[in-house]
There are 2 protein chains.
Amino acid sequence: MKRGSYVAIIKLIDIAKNLGLSLTTVSRALNDHKEVSSETKELVRKTAEEMGYVPNKFAQTLALKKSHLISLLYDDYQESISYQSFTFEIIAGVRNYFGSTPYDIIIVPGNLKSSRREPLKNICYSRGIEGLFVVGIRTNDLYLEELKEDFIPAVIVDYPLLTKKVSYIQSDNLKGCRLAVDYLASKGHKKIAFINGHNLAAVSPLRLKGYQIALRKNGLLCDESIIKTGNYTEKSGYDTAKQLFAERADFSAIFAASDLMAVGAIKAIRERGLKVPEDIAVVGFDDVFFAEYSHPSLTTIRQHKFDLGYMGAKELHKIIENPEGPRKKKKLDVELVIRESA
Amino acid sequence: MKRGSYVAIIKLIDIAKNLGLSLTTVSRALNDHKEVSSETKELVRKTAEEMGYVPNKFAQTLALKKSHLISLLYDDYQESISYQSFTFEIIAGVRNYFGSTPYDIIIVPGNLKSSRREPLKNICYSRGIEGLFVVGIRTNDLYLEELKEDFIPAVIVDYPLLTKKVSYIQSDNLKGCRLAVDYLASKGHKKIAFINGHNLAAVSPLRLKGYQIALRKNGLLCDESIIKTGNYTEKSGYDTAKQLFAERADFSAIFAASDLMAVGAIKAIRERGLKVPEDIAVVGFDDVFFAEYSHPSLTTIRQHKFDLGYMGAKELHKIIENPEGPRKKKKLDVELVIRESA
DNA sequence: ACAATAATCCAAAGCGCTTTGGATAAATGA
DNA sequence: TCATTTATCCAAAGCGCTTTGGATTATTGT
């Protein structure tokens with residue numbers, strides 16, 4: 001009889017029999033359908049409650065052709081470990097938003113990284129997934145091609161894809177860079193080095209651009225020799241900063257495209273016998289939590305990670321409910337958090 | 001016709017019609033049932049592939065009474081923010097384990113924290129959830145009472161609950177404390193202060209006990225006046241360390257029950273004009289990632305977080321597949337990671 | 001050659017729900 | 001008063017799948 005571990009305890013038919021009503025009426029009563037009297041509704045609701053009835057979502061999904069399921073596509077491993085904190089908070093935002101909707105969140109099996117994997121389409125169709133929330137995708141990820149096929153509503157964090165069913169959301173990177181450079185310039189820095197991240201992150205070119213624009217605005221010239229590229233890890237921040245020193249580059253401040261690289265850079269500066277911020281000022285990007293606890297605490301550009309998740313989820317919800325509506329990219333505000341490092 | 005956003009594209013019946021076979025045979029062919037010839041199987045598989053067929057999990061679940069769904073119960077917010085990193089890595093382990101099984105992971109809607117929330121039973125029964133992976137639960141959490149009812153297979157991280165269907169897993173806290181104290185003692189420290197976390201975390205009393213046992217083993221006396229309780233946050237580490245100083249307590253080392261509190265303590269020590277580790281040595285617990293990047297980098301007890309998730313998931317799988325088998329608590333090894341702070 | 005076995009296949013029922021298309025009884029209008 | 005609306009209810013079909021219990025054909029043993 002019982003096949004698997006999962007069994008529904010009380011079914012609609014049980015309530016119906018119990019009350020001498022039809023299945024139909026019970027179903028309608030619970031769904032507040034107009035064709036059943038309010039007395040019956042109340043009666044049914046009460047006994048359902050008493051009998052401990054819970055609807056079987058699978059049966060509902062099958063009958064309604066509506067799963068109320070959205071899926072999270074994210075990666076467990078990234079070289080940049082502050083990605084953990086970033087991702088965690090974004091997911092918190094997503095959970096929080098969908099928590100007040102009938103939607104549940106399922107985690108897409110398998111990593112973004114794993115090479116042999118099921119096509120997204122199969123995963124989604126098989127599980128009746130209605131929307132995809134994507135975070136941490138790389139510019140060279142194969143899933144991107146599938147997303148471009150536009151077969152399912154999706155919201156992507158930090159990758160600019162805008163189609164009929166796909167929106168994206170990101171922080172205002174240009175403004176972030178402007179804030180950082182403006183602040184450093186206001187402190188009298190003329191030579192501001194920039195440690196960018198690799199181009200597998202779609203935000204990297206944006207941050208470079210923002211940095212350059214901001215320099216220009218402040219009447220500073222853009223010296224290619226003090227622009228370096230790391231990979232968002234602490235080590236790469238350390239290495240590139242050392243490289244700057246080795247090349248006898250001329251700078252009094254470093255703006256790093258991530259907090260982790262900023263921390264690495266600080267380490268290199270210290271090893272050089274220089275002081276932060278007295279000799280060299282450092283500004284990071286992200287405001288991951290340890291920025292506050294590192295020493296010296298990090299002046300940085302704060303991204304509102306929770307809001308990225310929350311607002312992104314809201315947008316995804318909108319796309320699902322109204323697939324014909326216009327898609328839009330959303331830009332979230334950032335702010336400068338001044339601490340000790342600059 | 002079409003009701004919701006989700007529609008199955010190709011169904012078994014389509015393949016059947018296409019091939020002039022019966023629905024039954026097609027289903028059996030795809031499930032590798034013995035009662036269908038291998039030629040037919042091959043034929044069916046090929047055309048299914050060509051037609052882009054994917055099975056509808058909802059229909060399968062309904063028919064098989066088996067959902068292949070486990071659920072993640074965790075909290076988005078905790079005062080201790082290193083909880084993020086801890087939780088993230090555990091979840092990575094869980095994903096990784098279940099990634100090679102037919103099980104999908106669904107996130108339980110709502111936080112552990114939120115006060116008004118659906119009973120766990122309803123959530124699980126309604127969604128056909130077969131098992132629960134619980135992380136970050138507090139000793140006063142109401143969900144604990146529900147879990148004790150033992151109505152669903154579960155594995156809990158860091159809370160000692162052992163019933164017919166529930167196992168738990170945690171790091172070897174006693175050993176961790178022993179390693180820390182042994183190491184400090186070996187460095188000649190006689191007075192080792194201890195900053196513990198609150199008792200809402202089930203590991204706190206364990207760590208205190210481990211600390212006391214280890215002191216005794218090393219022939220050191222246990223001085224109540226240098227044992228303090230924080231709440232796993234950086235600030236509480238800072239505050240309690242300051243308090244120690246204010247009370248003119250006599251100690252040359254601090255062992256903190258979390259890295260975050262250790263970082264806070266270091267800050268307090270610094271402010272006092274003392275040096276770490278020269279004047280006061282500090283050892284943390286957890287080895288969350290920023291332990292490596294803080295300054296001075298933290299000597300700490302490493303928990304294998306990924307493995308907690310992976311092994312816990314494995315255990316959960318086992319409970320689901322074999323509900324009658326014996327439950328057991330699992331203890332994962334820890335290790336001392338020596339860096340600069342001690 | 002004929003009964004018994006094995007190998008394939010299929011129609012129909014069932015999983016738990018929603019909804020369609022009537023049916024019945026009560027309330028309304030003329 | 002009788003036809004008509006309105007308010008309630010229900011049997012049955014359908015969502016896409018798996019499985020039971022036969023049916024049909026091919027294969028084997030004697």
Side-chain angles (χ1 to χ4, degrees), chain A residues 1-44 48 51-69 102 122 125-128, chain B residues 1-44 48 51-69 102 122 125-128:
Chain A
M1 185 94 303
K2 178 185 156 191
R3 278 247 134 212
S5 339
Y6 142 70
V7 262
I9 310 298
I10 301 286
K11 303 173 286 183
L12 281 188
I13 191 72
D14 298 321
I15 306 179
K17 278 179 184 160
N18 197 325
L19 292 174
L21 285 172
S22 83
L23 221 184
T24 310
T25 305
V26 174
S27 168
R28 286 185 161 157
L30 292 176
N31 290 325
D32 202 23
H33 196 284
K34 59 178 174 180
E35 280 195 10
V36 31
S37 71
S38 40
E39 295 83 40
T40 321
K41 277 182 189 170
E42 195 44 48
L43 176 66
V44 171
M51 298 175 72
Y53 170 79
V54 282
N56 181 317
K57 294 254 181 191
F58 299 99
Q60 283 186 323
T61 297
L62 208 53
L64 290 175
K65 291 176 164 250
K66 176 98 182 136
S67 70
H68 285 298
L69 219 49
N122 291 11
Y125 287 155
S126 182
R127 292 165 179 79
Chain B
M1 184 97 300
K2 177 185 157 191
R3 277 247 135 213
S5 338
Y6 142 69
V7 262
I9 311 298
I10 302 285
K11 303 173 288 182
L12 281 187
I13 191 71
D14 298 321
I15 306 179
K17 280 180 183 160
N18 197 324
L19 291 174
L21 285 172
S22 84
L23 221 186
T24 310
T25 306
V26 173
S27 169
R28 287 183 158 159
L30 292 176
N31 289 326
D32 203 23
H33 195 283
K34 59 179 174 179
E35 279 195 9
V36 32
S37 71
S38 41
E39 296 83 40
T40 321
K41 276 181 189 170
E42 194 44 48
L43 176 65
V44 171
M51 297 175 72
Y53 170 80
V54 283
N56 181 318
K57 295 253 181 193
F58 299 99
Q60 284 186 323
T61 297
L62 208 52
L64 290 175
K65 292 178 163 247
K66 175 99 182 136
S67 70
H68 285 298
L69 219 49
N122 290 10
Y125 287 155
S126 182
R127 291 165 180 80

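So that the names make sense, note that chain A is the first sequence line, chain B the second, and so on, each numbered from 1.
- With sequence neighbours left out, the side chain to side chain contact (heavy atoms under 4.5 Å, CB included) criterion links I13(A) to K11(A), K17(A), L23(A).
- Nearest to the side-chain atoms of L21(A) among the listed nucleotides dC10(D), dA11(C), dT18(C) stands dC10(D).
- Note that OG1 of T25(A) is 12.0 Å distant from CD1 of I15(A), once rounded to the nearest 0.5 Å.
- Following rounding to the nearest Å, K11(A) (NZ) and dT18(C) (P) show an atom-to-atom distance of 14 Å.
- In terms of heavy-atom proximity, P55(B) sits nearest to S126(A) at O-OG, 2.9 Å.
- L23(B) places its CG atom 13 Å from the C1' atom of dA13(C), with the value rounded to the nearest Å.
- For N56(A), whose side chain is taken as the heavy atoms from C-beta onward, the closest listed nucleotide among dC9(D), dG16(C), dG16(D) is dG16(C).
- The distance from atom NZ of K17(B) to atom C1' of dG16(D) is 13 Å, rounded to the nearest whole Å.
- When the P atom of dG16(C) is taken as reference, atom CZ of F58(A) falls 12 Å away, rounded to whole Å.
- For T40(B), the side chain to side chain donor-acceptor pair (under 3.5 Å) test picks out S37(B), with sequence neighbours left out.
- Comparing the start and finish of the helix from dA1(C)-dT30(D) to dA30(C)-dT1(D), five pairs each, the helix axis swings through 50°, to the nearest 10 degrees.
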Side chains of residues 26-33 of chain B: which donor-acceptor pairs under 3.5 Å do they make with residues two or more places apart or in other chains?
residue	atom	partner	partner atom	Å
N31(B)	ND2	S27(B)	O	3.2
D32(B)	OD1	K41(B)	NZ	3.0
H33(B)	ND1	E35(B)	N	3.1

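- Here N122(A) pairs with E118(A), P119(A), V54(B) under the side chain to side chain contact (heavy atoms under 4.5 Å, CB included) rule; sequence neighbours left out.
- For the pair N18(A)/M51(A), a side-chain contact is recorded, criterion being any heavy-atom separation below 4.5 Å from C-beta on.
- Distance check: H68(A) NE2 to Q60(A) CD gives 8.0 Å after rounding to the nearest 0.5 Å.
- Note: L62(B) CG to L62(A) CG = 6.0 Å, rounded to the nearest 0.5 Å.
- A heavy atom lying under 4.0 Å from DNA chain D marks the following residues of residues 25-37 of chain A, by number: T25(A), R28(A), E35(A), V36(A), S37(A).
- Here the closest non-hydrogen pair linking F58(B) and S67(A) is CZ-CB, 3.7 Å.
- Remark: Q60(A) is not in phosphate contact with dG16(C), judged by side-chain N or O atoms under 4.0 Å from OP1 or OP2.
- In this model, the phosphate group of dC17(D) is not approached by any side-chain N or O of T61(B) to a distance below 4.0 Å at OP1 or OP2.
- Between Y125(B) and dG16(C) there is no side-chain polar atom (N or O) within less than 4.0 angstrom of OP1 or OP2.
- One finds the OG1 atom of T61(A) at 10.5 Å from the CZ atom of R127(B) (value rounded to the nearest 0.5 Å).
- Distance, I13(A) CD1 to dA13(C) C1': 16 Å, rounded to whole Å.
- Distance, L12(A) CG to dT18(C) C1': 9 Å, rounded to whole Å.
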Got a list of protein N/O to nucleotides 24-26 of chain D N/O distances below 3.5 Å?
none

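- Picking from dC15(D), dC17(D), dC17(C) the nucleotide with the shortest atom distance to the side chain of A59(A) gives dC17(C).
- Regarding K65(A), its NZ atom lies at a distance of 21 Å from the P atom of dG16(C), rounded to whole Å.
- Nearest nucleotide to the side chain of T24(A), out of dT20(C), dC15(C), dC9(C): dT20(C).
- A pairwise comparison of heavy atoms in Y53(B) and I10(B) identifies CD1-O, 3.2 Å as the closest pair.
- The nearest whole Å value for the distance from the NZ atom in K66(A) to the P atom in dC15(D) is 19 Å.
- If you check dT18(D), dA11(C), dG16(D) against the side chain of L62(B), the one that comes closest is dG16(D).
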